[in-house]
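One structure is given here, and the rest of the page talks about it.
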Amino acid sequence: MLTIDETWKTTYPGTSIGIMAVNEITNSYGNKTLTEKKTHLLQFLQAQIKTKEALLTYGPLPHYVQYYHHYRKTYHVLPQLESVIFKGKQISGINPLVEAMFMAELKSGLLTAGHDGDILKLPLLLRVAGGKEKYTGINGKEQTTKKGDMLLADSGGIISSILGGPDFRTRITGTTKKCVFVVYGVPGISSNIIEAHLAQILDNINEFSANPIVAFQHVYTA
């Protein structure tokens, strides 16, 4: 499933990346329990994070803030959490599979990318960006990598990077039946936290999809 370049191991010692492949997904709306779960998630977040100052220390967020700060960027989950908790923005996605991933991402704070397993051209390669690689981001715009950032590629090209996000080619759509979730753990985030996050994604999927099958799951550590 995944080949890891030695440069990643030496550049980010102790860092982990989690991968989970889930097959036979029914990716359609129709189960109200996912909506109920979003309400419970919002209540949980509001109870855990009462101020914007508290948000900065929530879970693994400080580790991501430090990573992004090195590149003079803001960890994008921060404004998402702020909008949901303090501004009343609805937790929603383009389809329930994206929602399942996004809900888990909000609860754990872990950076996650989702890809259509039928489009991916395995194996995957995890490496450190040289800073000149280009790919089409999920918004349809060209992304140029940042030197030193972590990126993931298949034989068809880059599918995601931490700073640039997932690509357009392998994005999750309404017809996705097989999905590969990738959790980028930056330095300081343990593998057991990633394992729990992957379990949460699967639990969310089970709310709307009957009998999804985990075809692969592993957490790699540098």
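The figures that follow rest on heavy atoms only: side chains count, while hydrogens, waters and symmetry mates do not.
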Verify, without hydrogens or angle tests, whether Lys38 (side chain) and Ile91 (backbone) share a donor-acceptor contact under 3.5 angstrom.
yes
Would a distance-only check, ignoring hydrogens and angles, find a side-chain to backbone donor-acceptor pair under 3.5 Å from Tyr75 to Gln66?
no
Do Leu202 and Ile19 belong to the same hydrophobic cluster, where Ile, Leu, Val, Met, Phe, Trp and Tyr are linked whenever their side-chain heavy atoms lie under 4.5 Å apart, directly or via other members?
yes
Only one of Arg171, Arg169, Lys121 passes side-chain contact (heavy atoms from CB on, under 4.5 Å) with Ile159, and that residue is Arg169
Fit a plane to each ring of Tyr220 and His218, take the angle between them on a 0 to 90° scale, and name the class: parallel (under 30°), tilted (30 to 60°) or perpendicular (over 60°).
perpendicular
Is there a side-chain contact between Lys147 and Lys132 (heavy atoms, below 4.5 Å)?
no
Residue pairs passing the salt bridge (Lys or Arg N to Asp or Glu O under 4.0 Å) test where at least one lies in residues 47-59, sequence neighbours excluded
Lys52-Glu82
Minimum heavy-atom separation for Ile189 and Pro60, please, with both atom names.
CD1-CB, 3.8 Å
Is it true that Asn204 and Gln200 share a donor-acceptor pair across their side chains at a distance under 3.5 Å?
yes
Distance in Å, Ser83 OG paired with Gln90 CD, rounded so as to fall on 0.5 Å steps:
12.0 Å
side-chain contact (heavy atoms from CB on, under 4.5 Å) assessment of Thr15 paired with Trp8
CA-CA 9 Å; Thr15 299; Trp8 179 77; 3.7 Å; yes
Pairs where residues 178-188 contributes a residue and the test salt bridge (Lys or Arg N to Asp or Glu O under 4.0 Å) is met, not counting sequence neighbours:
Asp118-Lys178
Run the salt-bridge test on Glu133 and Arg127 with the 4.0 Å N-O cut-off and return the result as yes or no.
yes
Same hydrophobic cluster for Ile158 and Ile119, using side-chain heavy-atom links shorter than 4.5 Å among ILVMFWY?
no
Indicate whether the side chain of Ser160 and that of Tyr184 have a donor and an acceptor atom separated by less than 3.5 Å.
yes
Checking Asp116 against Thr176: is there a side-chain donor and acceptor pair closer than 3.5 Å?
yes
Check whether Tyr12 reaches the backbone of Pro187 with its side chain - one donor and one acceptor, N or O, closer than 3.5 Å.
no
Distance flag, aromatic centroids of His70 and Tyr68, threshold under 6.0 Å:
no
Could you give the distance from CD1 (Ile162) to CG (Asp149), rounded to the nearest 0.5 Å?
5.5 Å
Do the side chain of Thr57 and the main chain of Leu55 share a donor and acceptor less than 3.5 angstrom apart?
no
List the steps, then state whether side-chain contact (heavy atoms from CB on, under 4.5 Å) holds for Val22 with Ile213.
CA-CA 5 Å; Val22 185; Ile213 296 175; over 6 Å; no
Between Ser16 and Ser191: side-chain donor-acceptor atoms closer than 3.5 Å:
no
